[in-house]
Protein chains: 2
Amino acid sequence: MPHNHDSLLNSVRSQLPKEEFLADLSDLFKLFGDNTRLRILYSLFESELCVCAIAELLGMTQSAISHQLKVLKAGNLVGNRREGKTIYYFLADDHVRTIIGQGSEHLMEETR
Amino acid sequence: MPHNHDSLLNSVRSQLPKEEFLADLSDLFKLFGDNTRLRILYSLFESELCVCAIAELLGMTQSAISHQLKVLKAGNLVGNRREGKTIYYFLADDHVRTIIGQGSEHLMEETR
DNA sequence: CTTTCATATGAATTGACGCTCATATGATTG
DNA sequence: CAATCATATGAGCGTCAATTCATATGAAAG
């Protein structure tokens, strides 16, 4: 180490969130960190959609979409409702739009 | 498919961002979707830190931290400056704080 | 110029994860 | 109740990425 920075380190250390929170937070961002899941979320921006519609829209297997929807639902990013045989998924939260929006802004400014 | 939703699908499809943008965006969120990187970013909230300080703070190898800092720098989330032998890293952008903040808020409301 | 300190880097390993394929569940229809 | 449609799920496979270990770079000090 260059100098003795123990007091600074202790100060920084005291500001670090608890490990459990960090784990939850990185798990949340992992959900956005996948191309397919991001496309699913974007698909739901405008309106709710059934599984097969998303699959067709994204040109992917119903199974693949279903697996990812399960992950997204476990992370409380989407909800669903049943209507007969079909199940409609929708964005669970306005934070989804906000988080994606902030990420987009960062990209814009990067390219600037 | 339950009904004929072609017009809806076309509408949604036209709103989907380009594939390149989606790839960049998911790559960005991937950076936040790792416990170690998130802890590094949080460490830099208060002040810039040298590599060895971060390593000590997080109880990890200098090599592991250095690898992750390289990833974070490639993603324009951190910058660095040299001062003699030591290299100080700092947050590159206020969006880092904002994005993390939005993620945190989502978690809070979830637990509510 | 040699040594030392701070950091970077490359190769290898190990674990996580996204997709596929086959099959199961669950609701409607006849 | 059998058949069909929409969705869910489990196992298996291939890929990617986070860490480790060994080593390289690069600056300062003697």
Side-chain angles (χ1 to χ4, degrees), chain A residues 1-5 8-9 19 22-23 26-41 43-44 48-75 77-90, chain B residues 1-5 8-9 19 22-23 26-41 43-44 48-75 77-90:
Chain A
M1 283 253 252
H3 305 295
N4 185 348
H5 281 153
L8 175 56
L9 285 194
E19 193 52 41
L22 266 305
S26 60
D27 282 347
L28 173 64
F29 284 122
K30 270 192 198 81
L31 296 176
F32 294 94
D34 174 81
N35 205 285
T36 299
R37 283 192 293 267
L38 212 48
R39 285 159 71 210
I40 292 178
L41 293 174
S43 304
L44 300 177
E48 63 176 14
L49 291 173
C50 65
V51 179
C52 59
I54 301 175
E56 185 184 334
L57 181 64
L58 304 185
M60 294 185 63
T61 307
Q62 172 268 324
S63 177
I65 300 299
S66 197
H67 277 294
Q68 293 296 4
L69 283 171
K70 185 178 186 178
V71 174
L72 289 172
K73 187 158 192 295
L77 295 192
V78 303
N80 61 13
R81 68 180 182 87
R82 174 179 286 273
E83 192 176 314
K85 284 178 277 188
T86 86
I87 298 187
Y88 291 93
Y89 281 82
F90 48 86
Chain B
M1 284 253 251
H3 304 296
N4 186 349
H5 280 153
L8 175 56
L9 284 195
E19 193 51 42
L22 266 304
S26 60
D27 282 346
L28 173 64
F29 284 122
K30 271 192 196 81
L31 296 176
F32 294 94
D34 174 80
N35 205 284
T36 299
R37 284 192 291 268
L38 212 48
R39 284 160 72 210
I40 293 178
L41 293 174
S43 304
L44 300 177
E48 63 176 14
L49 290 173
C50 65
V51 179
C52 59
I54 301 174
E56 184 184 333
L57 182 64
L58 304 184
M60 294 186 64
T61 305
Q62 172 267 324
S63 177
I65 300 299
S66 198
H67 277 294
Q68 293 295 7
L69 283 171
K70 185 177 184 176
V71 174
L72 289 172
K73 189 159 191 295
L77 295 191
V78 302
N80 61 12
R81 66 180 182 88
R82 175 179 284 273
E83 191 176 315
K85 284 179 278 190
T86 87
I87 298 186
Y88 291 94
Y89 281 82
F90 47 86

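Convention: sequence-line order gives letters A, B, ...; per-chain numbering from 1.
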Engineer: Going 5' to 3' through nucleotides 18-27 of chain C, assign each nucleotide B (protein heavy atom under 4.0 Å from a base atom), S (under 4.0 Å only from sugar-phosphate atoms) or - (no protein heavy atom that close).
Structural biologist: SSBBB----B

Engineer: B:Asn80 CG to C:dA6 C1': how many Å, rounded?
Structural biologist: 13 Å

Engineer: From CD1 of B:Ile40 over to P of D:dA18, roughly how many Å is that when rounded to an integer?
Structural biologist: 11 Å

Engineer: Whole angstroms only, please: what is the CZ-C1' distance between A:Phe29 and C:dA16?
Structural biologist: 20 Å

Engineer: Give the minimum heavy-atom separation between B:Asp34 and B:Arg37, together with the two atoms involved.
Structural biologist: OD2-N, 3.0 Å

Engineer: Heavy-atom distance under 4.5 Å between the side chains of A:Ile54 and A:Met60, does that happen here?
Structural biologist: no

Engineer: Nearest 0.5 Å, what's the CG-CD1 distance between A:Leu31 and A:Ile40?
Structural biologist: 11.0 Å

Engineer: Please state how far atom CG in A:Leu69 lies from atom P in D:dA6, giving the value in whole angstrom units.
Structural biologist: 16 Å

Engineer: Apply the test side-chain contact (heavy atoms from CB on, under 4.5 Å) to residues A:Leu38 and A:Phe32: give CA-CA distance (whole Å), side-chain angles for both, the deciding distance (0.1 Å), then the verdict.
Structural biologist: CA-CA 6 Å; A:Leu38 212 48; A:Phe32 294 94; 4.1 Å; yes

Engineer: Would you say B:Arg39's side chain and B:Leu41's backbone share a donor-acceptor pair under 3.5 angstrom?
Structural biologist: no

Engineer: How close or far is atom P of D:dT25 from atom NZ of B:Lys70, stated in whole angstroms?
Structural biologist: 14 Å

Engineer: Without decimals, in angstroms, what is the distance between B:Leu58 CG and D:dT20 P?
Structural biologist: 12 Å

Engineer: Let me know the distance between OH of B:Tyr89 and P of C:dA6, rounded to the nearest Å.
Structural biologist: 15 Å

Engineer: Has B:Arg81 got a side-chain atom pairing as donor or acceptor with B:Phe90's backbone, closer than 3.5 angstrom?
Structural biologist: no

Engineer: I need the CD-C1' distance between B:Glu83 and C:dA6, as an integer number of Å.
Structural biologist: 13 Å

